[in-house]
Number of protein chains: 2
Amino acid sequence: MSGEDNLLKLVEVEAPDDQDYLLQDQVGFILRKAHQRHVSIFASHIGDLTPPQFAALAKLRDVGETSQNQLGTLIAMDAATVKGVIDRLKARGLVELSKHEVDKRRLLVDLTTEGRDAIDRLIPLAREITRETLAPLSAKEIATFTRLLAKLA
Amino acid sequence: MSGEDNLLKLVEVEAPDDQDYLLQDQVGFILRKAHQRHVSIFASHIGDLTPPQFAALAKLRDVGETSQNQLGTLIAMDAATVKGVIDRLKARGLVELSKHEVDKRRLLVDLTTEGRDAIDRLIPLAREITRETLAPLSAKEIATFTRLLAKLA
DNA sequence: GGAAATTCATTCGTATGCAAATGATATCAA
DNA sequence: TTGATATCATTTGCATACGAATGAATTTCC
């Protein structure tokens, strides 16, 4: 290798390196991984319901009968997604559907007795899921993290 | 309303209320929403590539040719998911596949020239996506949040 | 050397997640 | 009142995401 070649190589190696984009440091990538980890913890405690299905039941428990669309808004799901979730909960007898008497566009959703029993039973497990998800953090860190995460969401 | 009724109502209102499970305060629910917001910001800047597709290209840029499975490990995707992502990138001519000469099980993936050009062009947009995702936080909050999020992921 | 265990990749089935198009109904406004 | 607009729900198409099953190739270990 000639002297000129060595010089050239040094220049290349020390170039500003626009490559300093590290995927593993980007917030979007880490958010995706943190979300994956949570879903995995969820599944290990509640195997027969997905987080979106649980969210639908938990929110219905809070607000009672609502329209499908309104429920979607409350649990951050678009109309197409919430339909699938509700369809599967209905197929399992956990929610029931009825038509709105006045506004014929609306499809009302409510918990069945089985649905209410199920969500009441699952709430303690859900608390444990939250606890385990946050286990890597101290109490003070949990407070900080939750506050900042909420600002992003 | 009788005095007994008032008494009864007070008792109910002050009951321990195991209902104090608020979906919107649970870390899993907020994580899901924060992730949704990020994906939406991503799509507004990079419309013709999804975050997983971008992740695959960005990681290939870092590490060069690897096996499909190894790439999946690096970007936190299981084998079934990474296959679909790579298939779509291949169909668009951004990556190319070849068989490993020695280990016949392995399918090697690498960027094409077009793929390298594309990812080099997109990196600046990705920086902006990260910036916009974190925009609700101050510089100090960003440092704290990123550190804690990484502990969870 | 050869059986057992492991790894790599593929396929199938199910469940989000969202954009876009469609149809039915309701509301608003000229 | 009626025509434009908005809302509610559904459907289709595409893209993750992952468990489970399968088959091929490799590695381990006796």
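Here is the naming used below: chain letters follow the sequence lines, and residue numbers restart at 1 for every chain.
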Query raised in the report: What are the two closest non-hydrogen atoms of Met77(A) and Pro52(A), and how far apart are they?
Result: CE-CB, 3.5 Å
Query raised in the report: Does the side chain of Asp110(A) reach to within under 4.5 Å of the side chain of Val95(A), using non-hydrogen atoms?
Result: no
Report task. Under 4.0 Å between any heavy atoms, over every strand shown, what does Val102(A) touch: base, sugar-phosphate, or nothing? Just pick one. Result -> sugar-phosphate
Query raised in the report: Minimum heavy-atom separation for Ala153(B) to Ala34(A), with atom names?
Result: CB-N, 3.6 Å
Query - Contact interval (first through last nucleotide) of DNA chain C with protein chain B, 4.0 Å heavy-atom - result: dT7(C) to dC18(C)
Requested in this report: Would you give a per-nucleotide map of nucleotides 8-15 of chain D, 5' to 3', where B means the base has a protein non-hydrogen atom under 4.0 Å away, S means only the sugar-phosphate does, and - means neither?
Outcome: SSBB---S
Query raised in the report: Pick the nucleotide of DNA chain D nearest each of Gly84(B) and Ser40(A); which residue has the one closer to the 5' end?
Result: Gly84(B)
Query - Interatomic distance, Phe42(A) CZ vs dC18(D) C1' [rounded to whole Å] - result: 15 Å
**Report entry** Donor-acceptor pair, side chain of Thr66(A) and main chain of Gly64(A), under 3.5 angstrom
**Finding:** yes
Query raised in the report: Under 30°, 30 to 60°, or over 60°: which ring-plane class applies to Phe54(A) and Phe42(A), parallel, tilted or perpendicular?
Result: perpendicular
Query raised in the report: Whole-Å distance between dT16(D) P and His35(B) NE2?
Result: 11 Å
Query raised in the report: Just wondering, do Glu141(A) and Pro136(A) contact through their side chains at under 4.5 Å, heavy atoms?
Result: no
Requested in this report: Could you tell me whether the side chains of Lys33(A) and Gln24(A) share a donor-acceptor contact shorter than 3.5 Å?
Outcome: no
Query raised in the report: Is there a side-chain contact between Lys90(A) and Leu97(A), using heavy atoms and a 4.5 Å cut-off?
Result: yes
